[in-house]
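One structure is given here, and the rest of the page talks about it.
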Amino acid sequence: MPSKCHLVIANPPYTRAGGPGDEKNTVWNPIFGSLLDKRDAEKMKNALRKALDGTAASLYAGLGSAFVVLADEALDIGGRLAFVLPATMLTGSRWAPIRRLLLSKYSVEWVVVSHDLRNRSAKKGLPGRRLVSFSESTRIAEVLIVATRRQHRDRKTSRACFVNLLRNPDEPIEALGLTRKFLALRDGLAPLEPAAIDIGEATWGNAVLVPQADLPLDGGPWSLATFVQPGLALIAKRIALGKHGGLGSVPVAELGAFTDLGPYHMQVRNPKYGLFTVRERPAATGPAEWSLRAGIPALWHHKAGRNTSLAASPDALLERRADRSRSDQDRMLAKSGCLHLAADLGMAPQRVAAVMTDNPMIGVRSWTSVLPRNPAPGKNEALCLWLNSTLGLLLRVIHGNRPYLGRSALPHELARTMPVLDVDRLSNGQLMAAATVYADLKHRELQGFSALVADPVRGEINERLCREVLDIDPEIVAEITRKLALEPTLHARH
DNA sequence: GACACCCATCCTCATGAGCT
DNA sequence: AGCTCATGAGGATGGGTGTC
């Protein structure tokens, strides 16, 4: 790699050292996997790990992060990088050092994200059916980053332009036209004032200019790329800070500030390290018959057709592994809870972002158990209602990873830092009200989040949470609901 | 040793064309 | 009618291994 480069353009490989797992189901495509001799791949990986030591890159995040570091080392002051990267770059915890690198040494000029719902024509015979990706042969959500390496004094005044596209250009001429439009638009933008990107009659999306100093220097998420409507991200930020007009009385805190999370699924059931074996309830076996069977009840999978209401029942049984320490198993079981957060939420098909079980149990893979540190009646119920409401969904989608359009993934680290309703600051009366609302609604059938506006039960959750628990004007939330419901990511299906 | 990241998707099932 | 196979739509998760 030459030094003193002026421009580095890259669409790097995204492969990572770990996973995808389950080799019987997937083609394992590890870094350096094309080397015929596995020992060579191992040597290369070790050399790369050594080379990346102390840099912002992580083999965990994938090779994309390593290529950013490589570009950074090659770029001269004033040089520019232009990268296609996985959209998890915007939020993922392992990408935080890369975000810090870009904010501390560069002017981040463009952050372009597509929210294109269309399917690629089958006739073209190309792999991948989504047009959301800039690259071909993938349906993974992606982001285009353009940044210029600067002297410190020049970074203070720089401003990043976030572009959220409703539609990806279909061919190069369209892309060139769009690029010209971006450049023309940028100069007229006022900071934090979203503007439409129109060419003729066609609306391509929205752009918003952000002072770089307003982006989180600590590595926090770049949330303005989450929605087509940048205004929604701004609303979410105000809610998280307790500064949204009319919602100021809603206490918000990071989930990890007042709860602990249940165990990580690898510790529960990984064949090598897990403490338990898990057996799923067969479809033919009813819940009553299943509960006769010995074993420790647990929540394992998240099925759109089965998890239709706030109340959930166990779908799996844990069995202690004889070759594991009983006290370790008991310690893990002590992390059982009644509230469980959907770890990977497909927003169109799936209907619940959190569920409650009658008895404490462990969420194994699709459900992350949430355990309030100071338990009190009504706390779980209030959180469960919140997470399934418009406000809870909005803050979740903003804060979580978006590995694919239509999906919101919350690994433990992001779940802990996610802003949610601070139930510790609710009065007893509010908690009792939440318990009542939950009891009334817990068996009602919800629709997927794509039906956010039309779903009467979702409407009741919103309405009663506002009126009976939070004491805020439901119309404010209704308006946010209408905006959020328009977002393509709520409607994307694969 | 403990913890948990992220993955350039994969699997299932419905549908329908083509064949016998 | 019944079978096979191709195709596409739609729903979803295990785990190697980096990192502390």
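For Arg407(A) against dT13(C), a side-chain N or O and a base N or O form a donor-acceptor pair under 3.5 Å. With hydrogens and angles ignored, no donor-acceptor pair closer than 3.5 Å exists between the side chain of Tyr273(A) and the base of dA2(B).
Here Trp367(A) lies out of heavy-atom contact (under 4.0 Å) with every strand. Among the protein residues, Asn11(A) comes within range of the nucleic acid bases, having at least one heavy atom under 4.0 Å from a base atom. Pro12(A) comes within 4.0 angstrom of a base, heavy atoms only. If you check every strand for non-hydrogen atoms under 4.0 Å, Arg94(A) touches sugar and phosphate atoms only. Within the nucleic acid shown, Pro263(A) has no heavy atom closer than 4.0 Å to any nucleic acid atom. Counting non-hydrogen atoms under 4.0 angstrom, Arg331(A) reaches nothing in the nucleic acid.
Put simply, CG on Leu414(A) is 19 Å from P on dC3(B), counting in whole angstrom units. If you measure from atom CD1 of Ile98(A) to atom P of dG18(C), you get 17 Å, rounded to the nearest angstrom. What separates CG of Leu63(A) from C1' of dT17(C) is a distance of 14 Å, to the nearest Å. Rounded to a whole Å, the CG atom of Asn270(A) is 9 Å from the C1' atom of dG16(C). Counting to the nearest Å, the P atom of dC3(B) and the CZ atom of Arg416(A) are 10 Å from each other. The interatomic distance linking Leu90(A) (CG) with dC6(B) (P) rounds to 12 Å, in whole Å. We find that CH2 of Trp95(A) is positioned 17 Å from C1' of dT19(C), with the value rounded to whole Å. Between the CG atom of Asp53(A) and the P atom of dT19(C) there is a distance of 8 Å, rounded to whole Å.
Across the interface with DNA chain B, nearest-nucleotide mapping of Glu413(A) and Glu142(A) shows Glu413(A) to be the residue nearer the 5′ end.
Applying a 4.0 Å cut-off to non-hydrogen atoms, the residues of residues 301-320 of chain A that approach DNA chain C are His301(A), His302(A), Lys303(A), Ala304(A), listed by residue number. Residues from residues 349-356 of chain A placing a heavy atom under 4.0 Å of any atom in DNA chain C, listed by number, are Pro349(A), Gln350(A).
Dashed line: the shortest gap from a side-chain N or O of Tyr60(A) to OP1 or OP2 of dT17(C) is not under 4.0 Å. OP1 or OP2 of dT13(C) lies within a sub-4.0 Å distance of a side-chain N or O belonging to Ser366(A). Dashed line: the shortest gap from a side-chain N or O of Ser93(A) to OP1 or OP2 of dA4(B) is not under 4.0 Å.
Side chains of Asp315(A) and His301(A): no donor on one and acceptor on the other come within 3.5 Å. A side-chain donor from one of Asp72(A) and Tyr106(A) sits under 3.5 Å from a side-chain acceptor of the other.
Paired regions of DNA chain C, where each region holds three or more successive Watson-Crick or G-U pairs whose two hydrogen-bonding distances fall under 3.5 Å, are B:1-7 with C:14-20, B:9-20 with C:1-12.
dC10(B) and dT17(C): their C1' atoms are spaced 22 Å apart (whole Å).
Comparing atom distances between the Gln267(A) side chain and each of dT19(C), dC6(B), dC3(B) picks out dC3(B) as nearest. Set against dA8(B), dA4(B), dT13(C), the side chain of Arg365(A) has dT13(C) as its closest nucleotide.
Counting only residues at least two apart or on different chains, the salt bridge (charged side-chain N to carboxylate O under 4.0 Å, His left out) pairs with a member in residues 89-102 of chain A are Arg94(A)-Glu413(A). Sequence neighbours left out, not one pair with a member in residues 219-229 of chain A passes salt bridge (charged side-chain N to carboxylate O under 4.0 Å, His left out). The salt bridge (charged side-chain N to carboxylate O under 4.0 Å, His left out) contacts involving residues 387-406 of chain A comprise nothing, where partners must be two or more places apart or lie in separate chains.
A cation-pi arrangement is not found for Arg324(A) relative to Tyr273(A), the charged atom failing to lie both closer than 6.0 Å to the ring centre and inside a 45° cone about the ring normal.
Remark: Arg269(A) engages Val278(A), Trp300(A), Val364(A) in a side chain to side chain contact (heavy atoms under 4.5 Å, CB included) (not counting sequence neighbours). Contacts of Gln212(A) classified as side chain to side chain contact (heavy atoms under 4.5 Å, CB included), with partners at least two apart in sequence or in another chain: Leu103(A), Ser107(A), Val108(A), Ser158(A). For Asn307(A), there are no side-chain hydrogen bond (donor to acceptor under 3.5 Å, both in side chains) partners at least two apart in sequence or on another chain. Annotation: side-chain hydrogen bond (donor to acceptor under 3.5 Å, both in side chains) contacts of Asp358(A) (sequence neighbours excluded): none. In terms of the side-chain hydrogen bond (donor to acceptor under 3.5 Å, both in side chains) criterion, residue partners of Tyr14(A) (sequence neighbours excluded) are, by chain and number, Glu142(A). With sequence neighbours excluded, the residues that form a salt bridge (charged side-chain N to carboxylate O under 4.0 Å, His left out) with Arg293(A) are Glu319(A).
Across every non-hydrogen atom of Ala71(A) and Leu81(A), the tightest pair is CB-CD2, 4.5 Å.
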